[in-house]
Amino acid sequence: MASYDFKGIESKWQGEWDKRRSFAAPEPTPEKPPYFLLVMFPYPSGNLHMGHVRNYTIGDVLARFHRRNGRSVLHPIGWDSFGLPAENAAIKNNTNPADWTWKNIDVMRGQLKSMAISYDWDREIATCHPDYYRWNQWLFIKMFEKGLAYRKKAAVNWCETDQTVLANEQVHDGKCWRCDNPVTQRELSQWFFKITDYAEELLTGHEQLTPAPGRKGWPEQVLTMQRNWIGKSHGAHVDFAALADGKKTGDSIRVFTTRPDTLFGATFMVLAPEHPLVDQLTTPAQKTAVDAYRVKAKSLSKIARTAEGREKTGEFTGSYAENPVNGQPVPVWIADYVLTDYGTGAIMAVPAHDQRDYDFAKKFGLKIIQVIKPASGEMPEGRAFEAVGTLINSGPFDGVPVEEAQKTVAAWLETQGKGKPTVTYKLRDWLLSRQRYWGTPIPMVYCDGCGIVPVKTTELPVRLPTNVAFTGTGASPLAQAADWLNVPCPQCGKAGRRETDTMDTFVDSSWYYARYVDPKNTALPFAKKEADKWLPVHQYVGGSEHAVMHLIYSRFFHKVLRDMGMVSCDEPFSSLLTQGMVTLGGSAMSKSKGNVVDPNSVIDTYGTDTCRLFILFAAPPSQQLEWSDKQIEGIWRFLNRFWRLVETLSGSDETRALKRTPGDGAETIDSAELVRRTHVAIQRVTSDIDVDFGFNTAISAIMELVNSIYLYVDLGDAASTTAVETAAHLLYPFAPHIASEAWERLGHATILTETPWPKADLSKTVSSSVEIVVQVNGKVRERIRMAAGAVEEAVKAEALASLEKKGITLAPKRVIYVPNKLVNFVGN
RNA sequence: GGGCAUGUGGCGGAAUGGCAGACGCUACGGACUUAAAAUCCGUUUCUCUUCGGAGAGUGUGGGUUCGACUCCCUCCAUGCCCACCA
């Protein structure tokens, strides 16, 4: 028998769904509640890769499943289409990033359509389109007005030769990717979002995302990663009085520490080289050395400065400060291992109990004082002791355990006016300025008279100019477009100058989910009425590599939208499925690594249904999937095996009457057993999809059902017809074309897409007899068959009898009994 | 260096603390065929075996338990995200 005609079937059903507009999101009603299913939209890099196929297939299974389970499904797609690769391609080929991007979008849209992912294509969006990015600008201005967008200085990677800013990925081994010259740091005024204002709520908001009865929530590991990323830590601010000639100058240096308990062991201080007090503290004798060190720190690229395993460097300022707990003078140093933008940009160093401080002290011959006694009594040899113990050399706090001292020392400092207990977050404000062309222009104008003025919202969008050259050198392309750059000040009308930085593309993806609810709105990013209909997103599906950045930025944006009165809920995504990466040779498929497998090769040979089934069957969705096409043949065989059953049942009367004759020695099952297995399959597949996202096991359950039908003798009767129809139902979310065709061939006038999902009759799933494992001291010795629900005493007696038959007699001290499963005789 | 995952046959993987290896691939044997493909029927964790079976086995080493792939601790390896976070 020939293989099934996947080409004919797939194009037939894609045409049919298109004609019926089967996937346009219907208006939600109380009877048909909303189900917003969102998949992370792709960057249009050129072609779909296997990671996309996996992501969008998972999404489609859920969309098709919930549509048939009485929900109004909104399943949209779009393009995260601003970004560096388009600009790099433009530099390389001397073209415009827009042309490259739109061409890629056309290719990838075609691929998604050929995979029959059930999107509502009427809602397609692209972030590089002015109809989208004008709302980035609108939101930016609103945030600026609320004080959530502000400017401050921050360092960028700078190539002196090309006179241009480089992204981290354009820096290789501290050198420029184009000209191979060393990369340095440069301070620029840049735009920031004040995400730190929301640090506490981003943390407490997790309560709404924790799995609970009736709510899938987010994976625990993602919540943990976000918690660590936000990095709330309790500690203390401590003020060290600056000294000159042994006397207090009146200035003080504030540090943040998570270990106030070690304060008596603070033997020196370290400031970031950029710390504002450095000039003042540096003595004339040390000025040359300190200045040289600061220049050197600046000349290193961010990457080089933070490279792993770097030897500690630093310089003494010549000044001292007073340790507030014991009045001891401590030398003040600068070093680049202290960061300006965490804590206060200055630390107290406790070399005995912090490894970095220890390394520094050893290198520069600074004093080390032990203030914590390990429980073992032994200090480690040649390194810092960072664990807990009790305090020593700590004046009034001697003998206090570390855990207690962390609180009492901080409280005591406060009574002395020398510090106070403080909470700090690792989360930093979001630097959104990019010195790039292919992004959303930041809609601000610099005016000599009025300062920084936002563009009037009625004047939006500020479109990207098209008459620019892409050379990869010099200032941002936007700074070269003179007619675009020079505009009147929106406030006073005098000559002004546009901001030439564009926005980080994470801005685009921070609120795109909300645009889908009202994608054509020309007055607002989206209407509140539409947002309230669909939000929050019921199920979000995407790569686990976005666990922190994208998923924190969107949560931040959503809370800002809420505070602006644009949405009603607190969190954007109520349930999250993080899929694992698709790898080849152990690392993620990427063009630059050249380890990409083109999905088209699979689709052309075996069809979309096989491809979809295959990628879901290969591994559970949250796990990493190492690509191998070995199993495709098996999936192909399975679909053909299913198809032959459909052909047999839908054939001529003679064929229908044909009784199957399973081969010699093959097991056969009766109709009661086939009915039972049919209901078991419905039950397993339904709960695998709906509860566990266990698509691989759902597919194996369908395979088992099909295998069972082949063991059945009276093929063509009611039980077997129902079984084959059920297989079509269950196959639908995974392989919708073949399932739809099968349903039609089996004589149904309805189309499967519009047919309700089958329900398992649980009373029919129970088996009349069960196998019970008989163990002796935990080792399996025998298996017995008993009627399901047999009483304990009968099972034990039967178990003992069966052992005796094998020549094992025992007098157990204890018997463990698990109904319908196991008897364990212990202690014979 | 930190955070988060993962580790089970030749391979992908399955298993509410209760039969380890479901389902599928590969390989091998058989049926059908002039032949091949397709299909169908078997075997396929390892070691030993008197062919009845016995023993070992889920990265390493320990622990809890009548019973551990599953829970706890140690270490090792791999992947992802971050980068000296006081």
Side-chain angles (χ1 to χ4, degrees), chain A residues 1-3 219-229 231 233 235 255-259 262 270 302-303 305-310 312 335-339 341-350 354-357 359-360 424-428 543-549 578 580-581 583 586-588 614 617-620 622-635 637-638 640-641 644 661-666 694 696-697 699-704 707 710 771-780 782-783 806 812-816 818 821-827:
Chain A
M1 205 180 285
S3 311
E220 189 51 50
Q221 78 247 32
V222 174
L223 296 178
T224 308
M225 279 167 93
Q226 293 207 344
R227 209 177 299 125
N228 295 336
W229 181 272
S233 59
V255 302
F256 172 74
T257 177
T258 52
R259 295 292 304 274
T262 62
V270 187
K302 275 198 268 188
I303 297 195
R305 179 160 163 182
T306 58
E308 196 175 323
R310 233 176 109 237
K312 290 273 173 290
D336 60 12
Y337 80 92
V338 176
L339 308 174
D341 46 4
Y342 181 75
T344 60
I347 63 161
M348 62 177 217
V350 185
D354 180 283
Q355 190 57 42
R356 280 161 311 154
D357 298 345
D359 295 341
F360 196 86
T424 298
Y425 300 88
K426 231 189 252 182
L427 184 73
R428 296 177 209 174
S544 52
E545 67 275 19
H546 295 110
V548 274
M549 306 185 48
T578 48
M581 319 203 68
T583 59
S587 53
F614 167 68
F617 186 60
S622 59
Q623 243 174 60
Q624 183 179 313
L625 191 163
E626 169 69 16
W627 177 262
S628 151
D629 49 21
K630 275 193 178 167
Q631 295 201 90
I632 296 180
E633 281 287 342
I635 295 290
R637 274 203 281 268
F638 161 65
N640 277 293
R641 221 165 122 75
R644 282 195 299 278
T661 45
D664 296 339
N696 56 332
T697 49
I699 292 165
S700 67
I702 307 171
M703 287 174 169
E704 285 180 57
N707 288 345
Y710 272 89
E771 192 175 71
I772 289 170
V773 172
V774 181
Q775 294 184 333
V776 177
N777 290 327
K779 282 201 184 285
V780 180
E782 194 53 274
R783 286 142 224 253
K806 289 188 79 182
K813 291 201 177 68
R814 204 176 145 194
V815 185
I816 310 282
V818 183
K821 270 192 185 147
L822 153 148
V823 193
N824 185 9
F825 298 102
V826 184

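Note on naming: letters A, B, ... go to the chains in the order of the sequence lines (proteins, then strands), and numbering restarts at 1 for each one.
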- Note on the structure: Ranking A:A701 and A:R641 by the position along RNA chain B of their nearest nucleotide, the one closer to 5' is A:A701

- Query: Atom OH of A:Y342 to atom P of B:G2: distance rounded to whole Å?
  - Reply: 16 Å

- How would you label the contact of A:N824 with the nucleic acid (heavy atoms, under 4.0 Å): base, sugar-phosphate, or nothing? base

- Message: In this structure, how many angstroms lie between the C1' atom of B:C82 and the CE atom of A:M549, rounded?
- Response: 9 Å

- A:F360 vs A:Y337 aromatic rings, parallel, tilted or perpendicular, using cut-offs 30° and 60°? tilted

- Query: When the distance from CZ of A:R227 to C1' of B:G2 is rounded to whole Å, what number comes out?
  - Reply: 16 Å

- Task: Return no unless some side-chain N or O of A:K779 is found under 4.0 Å from OP1 or OP2 of B:A56.
- Result: yes

- Query: Are OP1 or OP2 of B:C23 and a side-chain N or O of A:N707 less than 4.0 angstrom apart?
  - Reply: no

- Message: Say we look at B:G63 and B:U45: how far apart would their C1' atoms be, to the nearest angstrom?
- Response: 27 Å

- Message: Roughly how many Å apart are B:U16 and B:C85, using the C1' atom of each and rounding to a whole number?
- Response: 41 Å

- Query: With distance as the sole criterion, do the side chain of A:R428 and the base of B:C85 form a donor-acceptor contact below 3.5 Å?
  - Reply: yes

- Task: Take the protein atom CZ of A:F614 and the nucleotide atom P of B:G12, then report the distance between them rounded to whole Å.
- Result: 13 Å

- Which dot-bracket notation, 5' to 3', represents the base pairing of RNA chain B when pairs are defined as Watson-Crick or G-U with both distances under 3.5 Å, crossing pairs as [ ], and inter-strand pairs as |? (((((((..(((.....[....))).(((((.......))))).((((....))))..(.(((..]....))).))))))))....

- Query: Below 4.5 Å, heavy atoms only, C-beta onward: do A:D354 and A:I347 meet side chain to side chain?
  - Reply: no

- Query: Which is true for A:Q631 with a 4.0 Å heavy-atom rule: it touches a base, it touches only sugar-phosphate, or it touches nothing?
  - Reply: base

- Message: Would you measure the distance from the P atom in B:U34 across to the matching atom in B:A20 and give it in whole Å?
- Response: 47 Å

- Task: Answer yes or no: does a side-chain N or O of A:R356 lie under 4.0 Å from OP1 or OP2 of B:C85?
- Result: yes

- Task: Using the P atom on both, measure B:G62 against B:A56 and round to a whole Å.
- Result: 16 Å

- C1' spacing across the pair B:G12 / B:G2, given as an integer number of angstrom: 32 Å

- Figure out the CD/P separation between A:E545 and B:A5, and round it to whole Å. 16 Å

- Which heavy-atom pair separates A:R259 from A:M348 by the least distance, and what is that distance? O-CE, 3.7 Å

- Task: In whole angstrom, give the distance that lies between atom OH of A:Y425 and atom P of B:C82.
- Result: 23 Å

- Could you tell me whether the phosphate oxygens of B:A38, OP1 or OP2, come under 4.0 Å of any side-chain nitrogen or oxygen in A:R644? no

- Roughly how far apart, to the nearest Å, are B:C4 and B:C75 at atom P? 15 Å

- Item | B:G55 to B:C72 separation - P atoms, rounded to the nearest Å | 31 Å

- Item | Phosphate contact (B:C85 OP1 or OP2) by A:R259 side-chain N/O below 4.0 Å | no

- Query: Partners of A:T697 by side-chain contact (heavy atoms from CB on, under 4.5 Å), sequence neighbours excluded?
  - Reply: A:D688, A:S700

- Message: Between B:C46 and B:A83, how far apart are the two P atoms, rounded to whole Å?
- Response: 47 Å

- Please state how far atom CD in A:E626 lies from atom P in B:U6, giving the value in whole angstrom units. 18 Å

- Starting at atom CE of A:M225, determine the distance to atom C1' of B:C82, rounded to an integer number of angstrom. 8 Å

- Item | Syn/anti state of B:G52 by chi, 90° boundary around 0 | syn

- Task: Determine if the base of B:G9 is syn or anti; take syn to mean the glycosidic torsion is within 90° of 0.
- Result: syn

